[in-house]
Peer 1: 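Take a look at the following structure, please.
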Amino acid sequence: MKPIWIIAKREFRTFFDSLAAYILLVVFLGLSGFFTWLFGSDIFFIGQATLMPFFSVAYWTLFFFIPALTMKMLAEEKRSGTLELLLTKPITDWQIVVGKFLSVLMLIGVALLLTIPYYISVSMLGPIDHGSVWSGYIGMLLMSAAFTSIGLFASSITNNQIVAFLLALFVGVFFLIIFDVLASSFTGTIAYFFNYLSLSTHYESISRGVMDSKDLIYFFSITAIGLLLADTVLSKRNIVE
Amino acid sequence: MSVTVTNLTKKYQTQRAVDNISFEVKTGEVLGFLGPNGAGKTTTMKIITGFMAPSDGDAKVNGISVLEDPDKVKPLIGYLPESNPLYQDMPVLEYLQFVAELQNVPKNKVQDRIAQMVKVCGLNVEKHKKINELSKGYKQRVGLAQALIHDPEILILDEPTTGLDPNQIVEIRNLIREIGREKTVILSTHILPEVEATCDRILIINDGKIVADGTSESLRKQAQGQEVLKVGISEAENKDQVIEAIQKLDTVAMVDPIKDENFTFLVNSKNDASSRKEIFQMCVKNNWVLFELTPIETKLEDIFRELTTN
């Protein structure tokens, strides 16, 4: 457990050393604030005390930002050789992957915590469904976990950060849009299958305030599979043929 | 603590980077790993440190297999990889702290160890800078400091003196010598005088195979086979007289006059014999003046070239 924490701590600190964290926080808060309060279907336009506009913007912002945070995490370590340095210390591949995963989740956590003032001010404007706000936040975290593990997997299979970024977006698009589209163009079991794979379906049902174990299992499995794949790719160097 | 490598083989596709090598390094021994680029030095080191699994064979540290029990072996080893990878955007002290924590240095000793490493590796002036602001030599010292921070029993250094200026090289060599008194050190290098200056034993590897193993003296002897002396004699009437006299000595196998120098000869002794005493006595007997008597040593460079070029 300790090595995981040491890795997570270092990565988290690196975010703040490299401006990445500040840019993420400013843009995330700025964009979501702008669309929540000022523009488009903001809450004054809807005329309801709800955080729905915030969540739908945050959803897309994180979709782009998480791959940007994860792209260098393993790719850069492999390119510069620091991975060799890490892996010859008493730490396993799995601990490195999980440590890095946690650091991203921590940063997303900080970003979401900073949006609590939105929640408080909206709730002062009118009656708000507290349950759906909290489930919205939980959905946001679950989605971030899934994207982070996809991003880490993408970063594990290449030495090139840009490739890792694009690959993570590419896989992300499948879960966010393409499976959804496929589900609506088929019928029966196939439609059900694609519908189950689609991340947006599960996200929507959670953010509506319905905590179904089916959705939780979905997010946890995506996260676990992404992390396991990243771990497998890292350990490939160790396979005795 | 000893390092034992048995029948180690590493294949990359069809190429055998390391081909069935076995050797042992004992406690307190400094082993120099020599070989041309691509001979398999780095691969062997990567396997011993547990970064890479071999295709066949095993490496054991203190009897513990790297393959089966990497978690027990890794804490015993301090490793400086070939290109000295470092987290460039971290300040030196923060980086050393990170490594110390990863190496399970007890919390109350972390600061002590860092201070000691800063002192030993001469990092005091630069310790607050970010690593990417350091010169190559200082980066190399940071690399060495991180390898030493948990006071490992075994130190594996892949080309530790690349990029250092001559003064730094001497400092680092002294440091390695000092560490090598109690610890086991394996270091690889291209620089031949470095091996002679720091290592107790030399292992020359070529095309993944061990081609020589021994101290620098024993390698020389092995390569040369017999003693060769450069002998200068004056006050003699003519060359042939001298050659004849030397040839008569029991221990001498062959005499050759050196072309451009008058009255200077190359004398090859018979195997396992020395002719120095005999030559001196011969000169005394004939009333000749012996103005030069130098043993000609085969240079390590020559041995290296002979063993590693086909």
Peer 1: Out of A:L83, A:I6, A:L87, A:T14, return the one with the most heavy atom pairs under 4.5 angstrom to chain B.
Peer 2: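 Result: the option with the highest number of such pairs is A:I6.
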Peer 1: Does atom NZ (B:K72) have a neighbourhood of more than 12 heavy atoms from anything else shown, all under 6.0 Å?
Peer 2: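 At most 12 heavy atoms, drawn from other residues, nucleotides or ligands, come within 6.0 Å of this atom.
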Peer 1: Heavy-atom pairs under 4.5 Å with chain B are the metric here; pick the option from A:T92, A:L85, A:D17, A:I7 that has the most.
Peer 2: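 Sorted descending by pairs with chain B, the first entry is A:L85.
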Peer 1: Report, by ascending residue number, the residues of residues 15-43 of chain B in heavy-atom contact with chain A at a distance under 4.5 Å; give 'none' if the set is empty.
Peer 2: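 Expected list: none.
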Peer 1: Just distance, no hydrogens or angles: give the donor-acceptor pairs under 3.5 Å from side chains in residues 89-101 of chain B, sequence neighbours left out.
Peer 2:
{"from": "B:E94", "atom 1": "OE2", "to": "A:R13", "atom 2": "NH1", "distance (Å)": "3.4"}
{"from": "B:Q97", "atom 1": "OE1", "to": "B:Q111", "atom 2": "NE2", "distance (Å)": "3.4"}
{"from": "B:Q97", "atom 1": "NE2", "to": "B:E101", "atom 2": "OE2", "distance (Å)": "3.3"}
{"from": "B:E101", "atom 1": "OE1", "to": "A:K9", "atom 2": "NZ", "distance (Å)": "3.3"}

Peer 1: Which residues in residues 135-152 of chain B have any heavy atom closer than 4.5 Å to a heavy atom of chain A?
Peer 2: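 B:Q146, listed by number.
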Peer 1: More than 12 heavy atoms of other residues, nucleotides or ligands under 6.0 Å from CZ of A:F170: is that the case?
Peer 2: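 No - once you tally the heavy atoms of other residues, nucleotides and ligands closer than 6.0 Å, there are 12 at most.
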Peer 1: Go through the atoms of A:E77 and report whether side chain, backbone, both or neither lie under 4.5 Å from a heavy atom of chain B.
Peer 2: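 Interface part for A:E77: side chain.
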Peer 1: Who among B:Q88, B:Q103, B:E82 has the most heavy-atom pairs with chain A under 4.5 Å?
Peer 2: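 Looking at each of B:Q88, B:Q103, B:E82 in turn, B:Q103 comes out on top.
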Peer 1: Hey, which residues of residues 138-164 of chain A are touching chain B, say heavy atoms under 4.5 Å apart?
Peer 2: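 Within residues 138-164 of chain A, no residue comes under 4.5 Å from chain B.
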Peer 1: Sort A:S80 into side chain, backbone, both or neither according to what part of it lies under 4.5 angstrom from a heavy atom of chain B.
Peer 2: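 Contact with chain B is through the backbone of A:S80 alone.
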Peer 1: Quick check: do B:L102 and A:I91 have side-chain heavy atoms less than 4.5 Å from each other?
Peer 2: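 In short, these two side chains touch, coming nearer than 4.5 Å.
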Peer 1: Please give me the minimum heavy-atom distance between A:E84 and B:F51, naming the atom from each residue.
Peer 2: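 Of all heavy-atom pairs spanning A:E84 and B:F51, the closest is CA-CE1, 3.5 Å.
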Peer 1: To the nearest 0.5 Å, what is the distance between CD on A:E76 and OH on B:Y87?
Peer 2: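 The distance works out to 10.0 Å.
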